[in-house]
Amino acid sequence: MKLARAIHFDESDTRVFHSPARTGEWCISGGFEFSNWTEGDLVGKAKQAFSNGWMGLETFGRSSLVAVAQIEPFEREALAKSLAQHFVSIYGAPSVDAAMGTALEEIDQMIALCEEQPANTLLTVARELTDAGIKESYGMIEPQSAGIEQFAVHGSLDDDPHQH
């Protein structure tokens, strides 16, 4: 089973979102947060969260990029309970038990999106407000097979200044 974790290559999410997701936390689309939004709500950092933000399942902050990773079934259950509690606390669901079905559905939609992707595939989300509601589309960036030597230059062992 696969889900996706927030990933950050720079500090941009801390500048563009009111509440950035923590690096490594499990994420879902979280489009439900915008279900009652209108064009008037789409300004500044709120617009950025709407337009391109995945929702973290610990902080409920947003991340521009997520990376596909393996998840264990017991983790899915714990995440669903956390999301169900969020539905109670923020959206007025009557109880965690009553919200569990919706929470599992949100997580399972993300699992379905991730399941066919190789580990470390990066995912992006783009949302737009249409007359029919919110339209979400997803982008996939395949994992790179490059070795670390292409990213880190540490010199060669032949250039050791201590050897003469």
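Values below: all heavy atoms of this structure, side chains included; hydrogens, waters and symmetry mates excluded.
Counting heavy-atom neighbours within 6.0 Å of Asp10 CG, excluding the residue itself, gives a total above 12. Within 6.0 Å of NZ on Lys45 lie more than 12 heavy atoms contributed by other residues, nucleotides or ligands. Counting heavy atoms of neighbouring residues, nucleotides and ligands inside a 6.0 Å radius, atom CD of Gln70 exceeds 12 of them.
For Thr102, there are no side-chain hydrogen bond (donor to acceptor under 3.5 Å, both in side chains) partners two or more places apart in sequence or in a different chain. Thr59 pairs by the side-chain hydrogen bond (donor to acceptor under 3.5 Å, both in side chains) definition with Glu25, not counting sequence neighbours.
A donor-acceptor pair under 3.5 Å is absent between the side-chain atoms of Thr121 and the main chain of Gln117, judged by distance alone. At distances below 3.5 Å, at least one donor-acceptor pair connects side-chain atoms of Ser95 with backbone N or O atoms of Ala98. A donor-acceptor contact shorter than 3.5 Å is absent between the side chain of Asn120 and the backbone of Ala69. The backbone N or O of Gln48 lies less than 3.5 Å from no partner atom in the side chain of Arg62, so there is not a single donor-acceptor pair.
No side-chain heavy atom of Val66 sits under 4.5 Å from any side-chain heavy atom of Val125. Leu79 has its side chain within reach of Leu3: a pair of non-hydrogen atoms, C-beta onward, lies under 4.5 Å apart. Inter-residue side-chain proximity for Leu65 and Leu123 is flagged as unmet; no heavy-atom pair is nearer than 4.5 Å. The side-chain heavy atoms of Pro73 and Met1, taken from C-beta on, include a pair separated by under 4.5 Å. By the 4.5 Å heavy-atom criterion applied to side chains, Thr23 and Ile7 are not counted as neighbours. When side chains are defined from C-beta on, Leu129 counts as touching Ile134, because their heavy atoms get closer than 4.5 Å.
By the rule that hydrophobic residues join a cluster once side-chain heavy atoms approach within less than 4.5 Å of another member, Met140 and Leu122 end up as members of separate clusters. Under the 4.5 Å side-chain heavy-atom criterion for ILVMFWY residues, a single connected hydrophobic cluster contains both Phe32 and Ile107. No single ILVMFWY cluster, assembled from side-chain heavy atoms under 4.5 Å apart, contains both Met55 and Phe17.
Within the structure, the ring-ring contact (aromatic ring centres under 6.0 Å, His included) test picks out the following pairs touching residues 55-77 (sequence neighbours left out): Phe60-His86. Residue pairs meeting the ring-ring contact (aromatic ring centres under 6.0 Å, His included) criterion with at least one partner in residues 100-139, sequence neighbours excluded, are Trp54-Tyr138. A salt bridge (charged side-chain N to carboxylate O under 4.0 Å, His left out) check over residues 66-89, counting only residues at least two apart or in different chains, returns the pairs Arg76-Asp108.
Nearest heavy-atom pair, Ala103 versus Ala80, reported as atom, atom and distance to 0.1 Å: CB-O, 3.4 Å. Taking all atoms of both residues into account, the shortest heavy-atom contact from Met100 to Ala84 is SD-CB, 3.8 Å.
In this structure, OG in Ser63 is found 3.5 Å from NE2 in His8, a value given to the nearest 0.5 Å.
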Begin from the C-alpha positions of Glu136 and Ser29 and carry the test side-chain hydrogen bond (donor to acceptor under 3.5 Å, both in side chains) through to its verdict. CA-CA 9 Å; Glu136 277 188 342; Ser29 163; 2.4 Å; yes
For the pair Ser64 and Asp13, evaluate side-chain hydrogen bond (donor to acceptor under 3.5 Å, both in side chains) and give the outcome as yes or no after the intermediate values. CA-CA 7 Å; Ser64 297; Asp13 280 356; 2.6 Å; yes
Distance-only criterion, 3.5 Å: show the donor-acceptor pairs between side-chain atoms of residues 109-116 and protein atoms not counting sequence neighbours.
from   : atom 1 : to   : atom 2 : distance (Å)
Glu115 : OE1    : Lys2 : N      : 3.0

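Here the options are Val16, Asp41, Leu42, the test is side-chain contact (heavy atoms from CB on, under 4.5 Å), and the partner is Lys47; only Leu42 passes.
Using cut-offs of 30° and 60° for the angle between ring planes, the Phe50 and Trp37 rings count as parallel.
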